[in-house]
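Contents: one structure, followed by commentary.
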2 protein chains.
Amino acid sequence: MRIGQLARRSGVSVRALRYYEEQRLLESARTPGGQRDYPDEALERVQLIQDLFAAGLSSRTVVELLPCVSTGVATPAMLDQLITERDRIAARIQDLTRAKTKLGRVIENVTAANVARD
Amino acid sequence: MRIGQLARRSGVSVRALRYYEEQRLLESARTPGGQRDYPDEALERVQLIQDLFAAGLSSRTVVELLPCVSTGVATPAMLDQLITERDRIAARIQDLTRAKTKLGRVIENVTAANVARD
DNA sequence: CCTCAACCTGACGTAAACGTGAGGTACGAG
DNA sequence: CTCGTACCTCACGTTTACGTCAGGTTGAGG
């Protein structure tokens, strides 16, 4: 599969895929002419990368954790980092939940005020 | 209250407070000599700003929504935006929850493998 | 009056994850 | 063989929320 097709299937840009390779998050074979040629598994890989990015992990962290995420084998240090990241995500969820509640109350207030005025 | 004290109380940097003012998120009176002088309510204001930033809102969005968040009065457009932001946060929470679950499974796998090996 | 920490205004630096050309090459269709 | 589209490698631009000097001013204590 070439880069354009992988981009369309995964929903990320061509530029992003090249960036992932630059960051050693994603490998590619090359055609004799030098064009990237991806195996089918690359699609899942890209989706995994996106998930980890979406979780707020940096590309540096992702490149460190990807091996054990896909192989299931980890050093103690990697396990530590996994746990740290999971806890960071949990804390972030708490923050967002608080903010959401706050906004929800503002919306209720505003709505109530508008209804009262009508 | 001067800027250093507000910074210590709120836990944000002096630079950040000046930045908030630049972005029209925060006002200050000035002493005859030109130094910033904040009322006590500034502390809550700063904490509110931090909460909204933590929720992923940009300073542009915050400056648009702050009036109705503090006054409870909103135009229909502002209400729309409030709802949009709340939904965005909710979606983000979903993403993070999925990512956390994923990482949790990886941690379980790794732990199980290590225990088995011992 | 002197000092010195705290404050002031520019103004340039930073990091992350790409976006966006510029200028040239590869490949499938006809 | 030729066309057009997809691809290639630089390499600079973008955005946000500040960090970090530089060079000068203010204000409370002694």
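Lettering follows sequence order; numbering is per chain, from 1. Quantities reported herein were computed from a predicted structural model and do not represent experimental measurements.
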So A:Val62 and A:Leu25, do their side chains get closer than 4.5 Å, heavy atoms only? yes
Can you tell me how far apart CD (B:Gln81) and CG (B:Leu65) are? Round to the nearest 0.5 Å. 4.5 Å
Might you point out which heavy atoms bring B:Arg92 and A:Ala54 nearest each other, and give the distance in Å? NH1-O, 2.8 Å
Roughly, in whole Å, what's the span from CE in B:Met1 to C1' in C:dA6? 16 Å
Donor-acceptor under 3.5 Å (A:Asp37 side chain, A:Met1 main chain): yes
Indicate the atoms forming the closest heavy-atom contact of A:Arg88 with A:Ala55, along with that distance. NH2-O, 3.7 Å
Side-chain N or O of A:Thr31 versus OP1/OP2 of C:dC27: is the shortest distance under 4.0 Å? yes
Nearest-nucleotide comparison on DNA chain D, the residue closer to the 5′ end among B:Gly33 and B:Ser58: B:Ser58
Rounded distance (nearest 0.5 Å) linking atom CG of A:Leu48 with atom CG of A:Leu66: 5.5 Å
How would you give the extent of chain B contacts on DNA chain D, as first and last nucleotide 5' to 3' within a 4.0 Å heavy-atom cut-off? D:dA17 to D:dG27
Hey, is A:Glu108 close enough to A:Arg105 for a salt bridge, meaning N to O under 4.0 Å? no
If you take any heavy atom closer than 4.0 Å to DNA chain D, which residues from residues 11-24 of chain B end up in contact? B:Ser13, B:Arg15, B:Ala16, B:Tyr19, B:Tyr20
To the nearest angstrom, the CD1-C1' distance between A:Ile3 and C:dT25 comes to 15 Å
Between A:Arg18 and A:Glu22, does any NZ, NE, NH1 or NH2 come within less than 4.0 Å of an OD or OE carboxylate oxygen? no
Please give the angle, rounded to 10 degrees, between the axes at the start and the end of the helix from C:dC1-D:dG30 to C:dG30-D:dC1, where five pairs define each axis. 0°
Between A:Glu21 and A:Ser28, do the side chains contain a donor N or O and an acceptor N or O under 3.5 Å apart? yes
Could you tell me whether B:Leu57 contacts a base, only the sugar-phosphate backbone, or nothing, with contacts defined as non-hydrogen atoms closer than 4.0 Å? sugar-phosphate
Rounded to the Å, how far apart are A:Arg60 CZ and C:dA16 C1'? 13 Å
Where is the tightest heavy-atom contact between B:Val110 and A:Ala74, given as atom of each residue plus distance? CG1-CB, 3.5 Å
For a 4.5 angstrom cut-off between non-hydrogen side-chain atoms, does A:Leu96 reach A:Lys100? no
Assuming nearest nucleotide by heavy-atom distance, tell me which of A:Arg8 and B:Gln35 is located more 5' along DNA chain D. A:Arg8
For A:Arg30, answer base if it contacts any base atom (sugar-phosphate contacts may also be present), sugar-phosphate if it contacts only those atoms, and nothing otherwise; contact means non-hydrogen atoms under 4.0 Å. sugar-phosphate
